[in-house]
Amino acid sequence: MEPIIAIVLVLIGYALGSAKLVNQGNEALVERLGRYHRKLRPGLNFIVPLVDQIVMEDTTREQVLDIKPQNVITKDNIYLEVDAVVYWRIVDIERSFYQIDDLQQGLNNLATTTLREVIAQNTLEETNASRAEMNKALLDELNQTTTTWGINVLRVDIQRITPPESVRKSMEEQRAAEIKSRAAILEAEGERQAAIKKAEGTKTSMQIIAEALRTSPESKEILRYLVAQDYINASYRLGESENAKVVFVDPGKSGDLMKEVIAEAATKENGNGKPSEHGST
């Protein structure tokens, strides 16, 4: 009876020693007698005790590498402090174990060096304006090397680009000057459009008045009344101003002056250089 119990215990121990559970999202590497044998997939796996050995188990899910702030220099010799984040995952766990000794450290050093090289190829203005292009350049450069390590870099995001305080002040002053310049241009354009509209309105008013004088002789009296009313209103405004200078016009000559203005407007309307028959009084 005792030998049977012993055999049973041995079998149970062998089963427990050979059964290996790999969690979902992970993979494991098995070596047999010191050489690579096979990969273990998620779930329950069996190996040969004392002969097989699990040398590595790692996740194949996406991982994040945070690159600490780095002091870099741009193409135009401006020192910057830059940090970034790298998203990556293992696609071949066998190569990630046998092709590089310390995968995390190697990826961190490679990302830091590549970040400095890419920024060194751009000026400060290009660095601020083309961050998306630099992210893509970093991604391409990293994947050229990491493919042999059995990993795939999915995304690279440059988080912060911090220039020195003096450079920041210069950039703020430049942006303020650009805003003022754009505001001045918009104001000048608005004044130009207003002047054009005013001139168009004056032209239309002159055409209407000329047409009315040509077709209706009694319109002259109405025009004289409107001019006289504007003259009186202008006199009141001049009188109310402290620095106003009042210029008096001989009322006896104002009628002759008005006749000349009316006759000239009617002449221009007819286009023949002579006043119309309704333009003389």
Side-chain angles (χ1 to χ4, degrees), residues 1-72 82-119 131-160:
M1 193 66 184
E2 292 181 356
I4 297 176
I5 296 176
I7 293 174
V8 171
L9 293 176
V10 169
L11 292 176
I12 293 175
Y14 181 85
L16 294 176
S18 64
K20 297 296 179 182
L21 185 64
V22 178
N23 295 327
Q24 182 67 37
N26 290 3
E27 287 183 349
L29 292 179
V30 176
E31 289 183 352
R32 174 168 292 181
L33 300 177
R35 299 186 63 182
Y36 171 72
H37 177 56
R38 65 188 179 99
K39 286 189 290 189
L40 300 183
R41 303 294 182 181
L44 183 61
N45 298 269
F46 292 94
I47 62 174
V48 179
L50 304 178
V51 177
D52 293 342
Q53 180 182 4
I54 297 179
V55 294
M56 177 190 181
E57 180 177 348
D58 205 345
T59 180
T60 57
R61 292 169 290 184
E62 185 173 329
Q63 302 184 60
V64 180
L65 173 64
D66 186 9
I67 301 177
K68 296 180 179 179
Q70 302 292 319
N71 293 322
V72 299
V82 182
D83 62 351
V85 176
V86 178
Y87 299 87
W88 61 283
R89 63 185 294 267
I90 295 176
V91 294
D92 190 332
I93 194 171
E94 179 184 352
R95 282 189 291 173
S96 71
F97 182 73
Y98 290 107
Q99 293 295 327
I100 185 169
D101 182 48
D102 190 334
L103 179 60
Q104 289 277 355
Q105 185 64 35
L107 181 59
N108 182 77
N109 292 342
L110 177 65
T112 300
T113 304
T114 307
L115 177 64
R116 291 174 176 172
E117 291 177 353
V118 169
I119 292 182
R131 189 173 300 190
E133 287 78 4
M134 287 194 300
N135 288 338
K136 186 178 184 305
L138 283 168
L139 181 65
D140 295 338
E141 289 288 336
L142 290 175
N143 276 323
Q144 288 181 6
T145 302
T146 58
T147 300
T148 61
W149 296 348
I151 67 174
N152 181 31
V153 179
L154 304 175
R155 295 184 307 280
V156 180
D157 293 331
I158 297 177
Q159 291 187 310
R160 285 182 297 273

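The first residue in the sequence is number 1, and the count goes up from there. Hydrogens, waters and symmetry mates are skipped; everything else that's a heavy atom, side chains included, is used.
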Rounded distance (nearest 0.5 Å) linking atom CG of L138 with atom CG of L115: 5.5 Å
Please round to the nearest 0.5 Å and tell me the distance separating atom CE of M134 and atom OG1 of T114. 13.5 Å
Is there a side-chain contact between T148 and Q99 (heavy atoms, below 4.5 Å)? no
Under the side chain to side chain contact (heavy atoms under 4.5 Å, CB included) test, residues paired with L40 that sit two or more places apart: K20, V22, A28, V30, R38, N45, I47, I54
Mark yes when over 12 heavy atoms from residues, nucleotides or ligands other than D102 sit less than 6.0 Å from its CG; otherwise mark no. yes
Not counting sequence neighbours, list each pair that qualifies as a salt bridge (charged side-chain N to carboxylate O under 4.0 Å, His left out) and has a residue in residues 52-61. R32-D52
Residues that D140 engages under salt bridge (Lys or Arg N to Asp or Glu O under 4.0 Å), provided they are two or more places apart: K136
CD on E117 to OG1 on T112, rounded to 0.5 Å: 11.0 Å
Which atom of N143 lies closest to which atom of V153, heavy atoms considered: OD1-N, 2.9 Å
List the residues meeting side chain to side chain donor-acceptor pair (under 3.5 Å) with R35, not counting sequence neighbours, and say none if there are none. none
Check P42 against G25 and note the closest heavy-atom contact, atom names and distance. CG-N, 4.1 Å
Begin with the C-alpha distance, continue with both residues' side-chain angles, and end with the deciding distance and a verdict on side chain to side chain contact (heavy atoms under 4.5 Å, CB included) for V91 and R89. CA-CA 6 Å; V91 294; R89 63 185 294 267; 3.5 Å; yes
Among residues at least two apart in sequence or on other chains, which ones pass side chain to side chain contact (heavy atoms under 4.5 Å, CB included) with T145? L110, W149
Inter-residue atom distance L107.CG - I151.CD1, 0.5 Å rounding: 4.5 Å
In chain order, what residues pass the side chain to side chain donor-acceptor pair (under 3.5 Å) check against R41, with sequence neighbours excluded? E27
Applying side chain to side chain donor-acceptor pair (under 3.5 Å) to K39 and not counting sequence neighbours gives none
For P69, which residues count as a side chain to side chain contact (heavy atoms under 4.5 Å, CB included) partner, sequence neighbours excluded? E81, D83
How close do V118 and A137 get, counting heavy atoms only, and between which atoms? CG1-CB, 4.4 Å
Which residues share a side chain to side chain donor-acceptor pair (under 3.5 Å) with R116, sequence neighbours left out: Q70
Does the side chain of N108 come under 3.5 Å of the side chain of Q104 through a donor N or O and an acceptor N or O? no
Across all chains, not counting sequence neighbours, the salt bridge (Lys or Arg N to Asp or Glu O under 4.0 Å) partners of R95 are D92
Quick one: salt bridge (Lys or Arg N to Asp or Glu O under 4.0 Å) partners of R155, sequence neighbours excluded? E62
Are more than 12 heavy atoms from other residues, nucleotides or ligands located less than 6.0 Å from atom CG of L44? yes
Do the side chains of I90 and T59 get nearer than 4.5 Å, heavy atoms only? no
Please determine whether side chain to side chain contact (heavy atoms under 4.5 Å, CB included) holds for the pair W88 and T146, giving the CA-CA distance in whole Å, both sets of side-chain angles, and the decisive distance to 0.1 Å. CA-CA 10 Å; W88 61 283; T146 58; over 6 Å; no
Output all residues satisfying side chain to side chain contact (heavy atoms under 4.5 Å, CB included) with V85, sequence neighbours left out; order by chain, then residue number. V64, D66, Y87, Q159
